[in-house]
Protein chains: 2
Amino acid sequence: MIKPTETELEILNILWQEGPSSVRIVNEKMNEQKEVGYTTTLKLMQLMTQKGLVKRDESKRTHIYNAAVKAKDLQQTMVSKLMNAVFSGSAGQLALSALGNGKASKQELDEIKALIEQLENDAK
Amino acid sequence: MIKPTETELEILNILWQEGPSSVRIVNEKMNEQKEVGYTTTLKLMQLMTQKGLVKRDESKRTHIYNAAVKAKDLQQTMVSKLMNAVFSGSAGQLALSALGNGKASKQELDEIKALIEQLENDAK
DNA sequence: TTGCATCTACGAATTTATTCGTATATAATC
DNA sequence: GATTATATACGAATAAATTCGTAGATGCAA
């Protein structure tokens, strides 16, 4: 899986959230966080198209872009990268750090418990 | 907390693992994964010193470097960054992805269960 | 149909990260 | 003490990521 840069990731997030969008839309969203010129965003999205991170519909004058990678897939890739980079490959340590850190909903916590049960059963 | 680049992170990992080390030692470890010139590693570590990522003892001719940031702290920072960058801020989703992905020891799984219990109790 | 707005393409400047050569100093070895 | 090995410092080349200006095409409104 191709690794997006920091900025490319922001764009992917916007596309995942908003669905198929024009450069203008994406640029507006980007500007909610930080000022970025229109052509900057355009160029980025063109490069992302080349890299295969997004695909676009060129049938209209205003091209419509959409993410070409699934959020789930990229999450997996990046988690595993972080796991190796700073947790010596330990999934458990990473999970602990995440839970200790931010917030998780009751439902997510239950899911995690269920997953753990399953992992422990598989291990037997 | 200052964010290390990819390569800087590798150096930090070596320092965390090996403890205070000379450039030569670090460079040798680096070369186990990928060929890197000595002065490249030296320069990186000099820059990291400026940035405050490492500190060094210059009392001897061969300077001895050590990590100036704690592994735990950087883990927290990076987990929280990843959480926001690709998990819409959800700790639970991140934890799920980590556990579903790599491997965690029985002991870690138990720790996580304990942590979850605690979180759920606190919520009451 | 003229002119203003909006779009893409693309070259290129800028910034940031990585890599390494060379100069010079100090220590160790013969 | 001359030679060789090993250090640091630092300038600068290269590579990668980000930013933006300008040109030219198309649509839209007066």
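Basis for what follows: all heavy atoms, side chains included, without hydrogens, waters or symmetry-related copies. The sequence lines fix the lettering, A, B, ..., with proteins before strands; numbering per chain opens at 1.
Residue B:Gln46 places none of its side-chain N or O atoms closer than 4.0 Å to OP1 or OP2 of D:dC10. The side chain of B:Tyr38 places no N or O atom within less than 4.0 Å of a non-bridging phosphate oxygen (OP1 or OP2) of C:dG21. In this structure, A:Thr7 reaches the D:dT18 phosphate: one of its side-chain N or O atoms is under 4.0 Å from OP1 or OP2. The phosphate of C:dT8 has neither OP1 nor OP2 within less than 4.0 Å of any side-chain N or O from A:Thr39. Distances shown here put every side-chain N or O of A:Thr62 at or beyond 4.0 Å from the OP1 or OP2 atom of C:dT6. At D:dT19, one or more side-chain N or O atoms of A:Lys34 fall inside 4.0 Å of OP1 or OP2 (strictly under the cut-off). Side-chain nitrogen and oxygen atoms of B:Arg61 include none within less than 4.0 Å of the OP1 or OP2 phosphate oxygen of D:dT6. For D:dA9, one of the phosphate oxygens OP1 or OP2 lies less than 4.0 angstrom from a side-chain nitrogen or oxygen of B:Arg56.
Between the CG atom in A:Leu53 and the OH atom in A:Tyr65 there is a gap of 12.5 Å [rounded to 0.5 Å]. If you take CE on B:Met78 and CE on B:Met1, they are separated by 10.5 Å, rounding to the nearest 0.5 Å. For the atom pair A:Asp73 CG and A:Gln75 CD, the distance stands at 9.0 Å (nearest 0.5 Å). A distance of 8.0 Å separates OG1 in A:Thr49 from CD in A:Glu58, rounded to the nearest 0.5 Å.
The separation between A:Leu47 atom CG and C:dG11 atom P is 12 Å, rounded to whole Å. Atom CD of B:Glu6 is separated from atom P of C:dT19 by 11 Å (rounded to the nearest Å). The nearest whole Å value for the distance from the CD1 atom in A:Ile64 to the P atom in C:dT6 is 16 Å. Distance, B:Glu58 CD to C:dA25 C1': 15 Å, rounded to whole Å. Taking atom NZ on B:Lys3 and atom P on D:dA17, their separation rounds to 12 Å, with Å as the unit. In this structure, the CD atom of B:Glu10 is 9 Å from the P atom of C:dT18, given to the nearest Å. Summarising the geometry, the separation between NZ on A:Lys60 and P on D:dC28 is reported as 12 Å, rounded to the nearest angstrom. When rounded to the nearest whole Å, the span between CG of B:Asn31 and P of C:dC20 equals 10 Å.
When heavy atoms are screened at a 4.0 angstrom cut-off, A:Thr40 is found touching base atoms of the nucleic acid.
Residue-to-nucleotide proximity on DNA chain D shows that, of A:Lys43 and B:Arg24, the 5′-proximal contact is made by B:Arg24.
Using a 4.0 Å cut-off between a side-chain N of Lys or Arg and a carboxylate O of Asp or Glu, A:Lys113 and B:Glu120 qualify as a salt bridge.
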